[in-house]
Amino acid sequence: MADDADVIVVGGGLAGLVAATEIADAGKRVIVVDQEGEQSLGGQAFWSFGGLFLVDSPEQRRLGVRDSHDLALQDWMGTAGFDRDDDHWPKRWAEAYVAFAAGEKRDWLRAMGHRIFPVVGWAERGGYDAMGHGNSVPRFHVTWGTGPGIVEPFERRAREAERKGRLTFRFRHRVDTLVMTNGAVEGVSGSVLEPDPIERGKSSSRKVVGDFILRAQAVIVASGGIGGNHDLVRQNWPKRLGEPPKHMISGVPEHVDGRMIGITEAAGGRLINRDRMWHYVEGIRNWNPIWPQHGIRILPGPSSMWFDATGKRLPAPLFPGSDTLGQLHYIMSTGYDYSWFILTQSIIKKEFALSGSEQNPDLTGKSWRMTIKRATNKGAPAPVEAFKQNGADFIVRDNLQELVSAMNALSGDNLLKLDHITAQIEARDREITNPYVKDAQVMNIHNARRYIGDKLIRTAKPHRILDPDHGPLIAVKLNILTRKTLGGFETDLDSRVFGTNGQIIQGLYAAGEAAGFGGGGVHGYRSLEGTFLGGCLFSGRNAGRAAAKAAG
Ligand SMILES: Cc1cc2nc3c(=O)[nH]c(=O)nc-3n(C[C@H](O)[C@H](O)[C@H](O)COP(=O)(O)OP(=O)(O)OC[C@H]3O[C@@H](n4cnc5c(N)ncnc54)[C@H](O)[C@@H]3O)c2cc1C
């Protein structure tokens, strides 16, 4: 039977778009199949903050940050903590990816018109030793235009290829099976879903109105992870983190359903590191939700005080922005699946950013006028103020007694004791007068302010939390927010998927989150952030180039 294309890509998210454009540019014919409608092209990346891990960039250098490939590799390995036989390919991917991030990544994107906001962010700062978890230096480069700004060059290239007849989109086509002959993948089959004009990101109809089968020499699975499917998240929850949380909110749309992962596994693909995931602990319920249980992640600066559900301050170095997995581990060990920030108006104004394109209209809309207000405005950015006023997890009060009483009412657990909280805040406040201190979080604040980027827009001037001049006081109830899948299909550096027998499955490739962003888990246990979009770019590119080459 004649092939419908040289290659079929399952998923029109960032990884799928990158792979498809590489295939079309190599002169091959490609079909991109996606269960969602055309309005959702770009998948999760559209909603993203557009943060990219880059090493030794001109943006870093302009801010006085001295970075290098070796420092980044040291950080990556300390963060990943590779410790399994299954980490053979993930580790090789990590080495290749760090070289990409320190090498051609920025220029490759720039040549397509991609631009970067000049202040580089400092995510996952660690706090252990030089070989431990975390970024030694700021490396989180925000795309000018956030998520849509990273999708745009690839969508443009895809539309050009579509016009030239090399690329075809099949929207509302849900793959249910990989078509196999003698152990080789030869296509996909599935259900045609009814047209649904629903807004991007909202849950679309799953009513089946037909079926389809498409054949090609190769299939690239770029179907995303499992973060929108809490049952799967709980099923894969690692024992080392205790029982899965009872309550979680979703940091991804419902289409991140993990269904295609099961389908690829059923066809013989070897899924590794399924117990490694990247969920955030600073999730807040969206007062204006787009998808079910929609949560937003706070990207916190270093100054908020962090308390567990019982009112005990999180131990050093678990400060905001230091070690996401360490914080999740600690919080789950308390027996409760939430925690609290207590902060001041001065802190929220300078330090709260919300992850997501729609929460950053200034950067997403590429408006310098609005963006400059981040540094000069009296209040917090408008989306943060909107959460402060409307968000179910925000409490604003003029004094600590009223704040703690409202916190107890919100959780319903009544675990917080005013005396206990007061003592811890007053003790921390006594450390503020000197620039040299014992309190590790306060030391961390001084350290952050030595970096010009943090001083300008991310770290409030040290002050007493109970100083009324910096008030009102704010408490935020933090939920666990599902987001990324760190494990995935084991692949070689050409993104070719291994079968459970250890042999490459002919014609099958995986990219993006479905491939654990490369190799089946390039991040190991933890991420340095900005590495997911980058992982889609790198693994999508490798998959596309290799599949095009193999198509002859
Ligand atoms: C709010 C938010 C902020 C983020 N911020 C950042 C950031 O700043 N930096 C960073 O590095 N990362 C960030 N991320 C993560 C990053 O955006 C995602 O990990 C990445 O975009 C995943 O891309 P993907 O192509 O692998 O999968 P997806 O974007 O999930 O795309 C997969 C596509 O496959 C389709 N599909 C699935 N199953 C089937 C099937 N059976 N048949 C047909 N189609 C199917 C889906 O409909 C979807 O369109 C963020 C994510 C979110 C949601």
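First listed ligand is number 1; within each ligand, the first listed atom is number 1. Residue numbers run from 1 in the order of the sequence given.
- When the shell of 6.0 Å around CD of Glu162 is examined, it contains more than 12 heavy atoms from other residues, nucleotides or ligands.
- For the ligand labelled ligand 1, residue Phe517 lies inside the 4.0 Å heavy-atom shell.
- A donor and an acceptor atom, one from each side chain of Glu124 and His133, are located under 3.5 Å apart.
- Residue contacts with ligand 1: Glu529 is excluded, as none of its non-hydrogen atoms falls under 4.0 Å.
- Side-chain polar atoms of Asp75 and Ser136 form a donor-acceptor pair below 3.5 angstrom.
- Looking at Ile296 against ligand 1, nothing comes within 4.0 Å, counting heavy atoms.
- In this model, no donor atom of one side chain and acceptor atom of the other lie less than 3.5 Å apart for Asp362 and Ser367.
- Residue Arg297 does not touch ligand 1, judged by heavy-atom distances below 4.0 Å.
- At a 4.0 Å heavy-atom cut-off, ligand 1 touches Ala222 through the backbone alone.
- Contacts between Phe171 and ligand 1, counted as non-hydrogen atom pairs separated by less than 4.0 Å, are absent for every part of the residue.
- Contacts of Ala45 with ligand 1, taken as heavy-atom pairs under 4.0 Å, involve both backbone and side chain.
- Remark: the Arg170 side chain and the Thr168 side chain contain no N/O donor-acceptor pair separated by less than 3.5 Å.
- Short contacts between ligand 1 and Phe140, defined as distances under 4.0 Å to a heavy atom of the residue, involve ligand atoms 8 (O).
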